[in-house]
Student: 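Could you have a look at this structure, given as structure tokens, before my questions?
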There are 2 protein chains.
Amino acid sequence: MKTVETRVQELVEKLRGQDCRITPQRLAILHVLASSRLHPSVEQIFAKVKGDFPTTSIATVYKTISLLKEMGELIEFSFGDGSNHYDGRDPFPHPHFICRFCHRIEDLEIPELKDIGARLAARSDYRITGYQLNCWGICPACHAAAGQTETGLGAG
Amino acid sequence: MKTVETRVQELVEKLRGQDCRITPQRLAILHVLASSRLHPSVEQIFAKVKGDFPTTSIATVYKTISLLKEMGELIEFSFGDGSNHYDGRDPFPHPHFICRFCHRIEDLEIPELKDIGARLAARSDYRITGYQLNCWGICPACHAAAGQTETGLGAG
DNA sequence: TTACATGCAAACGGTTTGCAGGGGA
DNA sequence: TCCCCTGCAAACCGTTTGCATGTAA
């Protein structure tokens, strides 16, 4: 995985290539996106950027996010919690894990599903061009913190 | 797969078991949920129910949906199109396909991923209790209707 | 008869938009 | 300098809530 600064520079160059200007606010947003492993919401990105630029508007965050999304440089997730979440580190589809208790969102390594993308893309009748695999459950921290009663594989 | 009427009766009995009343509006909602293969939104369910009960309120649809969701009798999806979609025919997780052009949502048969649920549940470190696999692409109808340029496996 | 469901309207919260002023290139 | 970007506020829209009335059991 590339470093945070490498990814920021990559995004800067892609924006410049689209005749977009690199403002201090945008740079701060890019840095949050490139460094956040926990798939932040717009509100969370906004909160971090505000630390450096207190006058920042949430509309600016939305506009930059929208720009990057159109360019295919970040993945948008709707986990049904009311707000969307974003992965700006790795815009290529990969499995995610959402803890039912603390709601943290992490990348998930599933070795036996490593080639799921190729398998899906190879299907001839449906022309699959992208996917999202989201898994819900209990993260190690929450599992350790409390005995758990939920078992089996239920809805969503 | 069970018939529409069988599924409606099943839902009726589960609601009765929770001391819920079976009103004509609810019965109509159950019928739409049990018969819709295309994973309707609340607005779409509302439109169908209104055909039989013109005075129906959308709040009633939301309340019944919420009830069934809590009972685990339907799956809720957020595909990022602004509204949630529901599967009341089969509340057990299974892959879905969303057409990028006509936005239809269908169940997807992926034989080689038939045991994905078991594989995920068997993972010891993360206690996975549910999942959603959503695939985006071009449905046969849209593919036939127009030449397509999109290839590869891009973001979500 | 009575507790629950309905339907209306207002509230809510995340997202989008319009616009005047500011600043990157 | 020029055009894009910012920040504010209002609009937007799916969803939730409160409450008086209606109705299933």
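Here is how names work: the chains are called A, B, and so on, in the same order as the sequence lines, proteins then strands, and each is numbered from 1.
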Student: Base, sugar-phosphate alone, or nothing: which one does B:Thr55 contact when heavy atoms must sit under 4.0 Å apart?
Tutor: sugar-phosphate
Student: Look at atom CD of B:Glu109 and say whether more than 12 heavy atoms of other residues, nucleotides or ligands are closer to it than 6.0 Å.
Tutor: no
Student: Is there a side-chain contact between B:Leu15 and B:Met71 (heavy atoms, below 4.5 Å)?
Tutor: yes
Student: When the distance from NZ of B:Lys50 to P of C:dT6 is rounded to whole Å, what number comes out?
Tutor: 15 Å
Student: Whole angstroms only, please: what is the CD1-C1' distance between B:Ile65 and C:dT6?
Tutor: 16 Å
Student: Which part of the nucleic acid, if any, lies within reach of B:Thr56 when heavy atoms closer than 4.0 Å are counted: base, sugar-phosphate only, or nothing?
Tutor: sugar-phosphate
Student: With a 4.0 Å cut-off on N to O distance, would you call B:Glu13 and B:Arg16 a salt bridge?
Tutor: no
Student: Distance-only check: which donor-acceptor pairs under 3.5 Å involve side-chain atoms of residues 22-29 of chain B, not counting sequence neighbours?
Tutor:
from    : atom 1 : to      : atom 2 : distance (Å)
B:Thr23 : OG1    : B:Arg26 : N      : 3.2
B:Arg26 : NE     : B:Thr64 : OG1    : 3.4
B:Arg26 : NH1    : B:Arg21 : O      : 3.1

Student: Quick one about A:Glu76 and A:His85 (side-chain donor to acceptor, distance below 3.5 Å, no hydrogens or angles considered), yes or no?
Tutor: no
Student: Can you list, in residue-number order, the parts of residues 4-39 of chain B that come under 4.0 Å of DNA chain C, counting heavy atoms only?
Tutor: B:Cys20, B:Arg21, B:Thr23, B:Gln25, B:Arg26
Student: Looking only at side-chain N and O atoms, does A:Thr60 come under 4.0 Å of OP1 or OP2 in D:dC5?
Tutor: no
Student: Can you check the A:His85 NE2 to C:dT15 C1' distance for me, whole Å?
Tutor: 14 Å
Student: Taking the side chain as every heavy atom from C-beta outward, state whether A:Glu73 and A:Leu33 have any atom pair closer than 4.5 Å.
Tutor: no
Student: Taking the side chain as everything from C-beta on, heavy atoms only, tell me whether B:His94 gets closer than 4.5 Å to B:His96.
Tutor: yes
Student: When every nucleotide of nucleotides 9-21 of chain D is labelled 5' to 3' by its protein contacts under 4.0 Å (heavy atoms), B for base, S for sugar-phosphate only, - for none, what sequence of letters results?
Tutor: -----SBBBB---
Student: Would you indicate whether the side-chain heavy atoms of B:Gln44 and B:Leu38 approach each other to under 4.5 Å?
Tutor: no
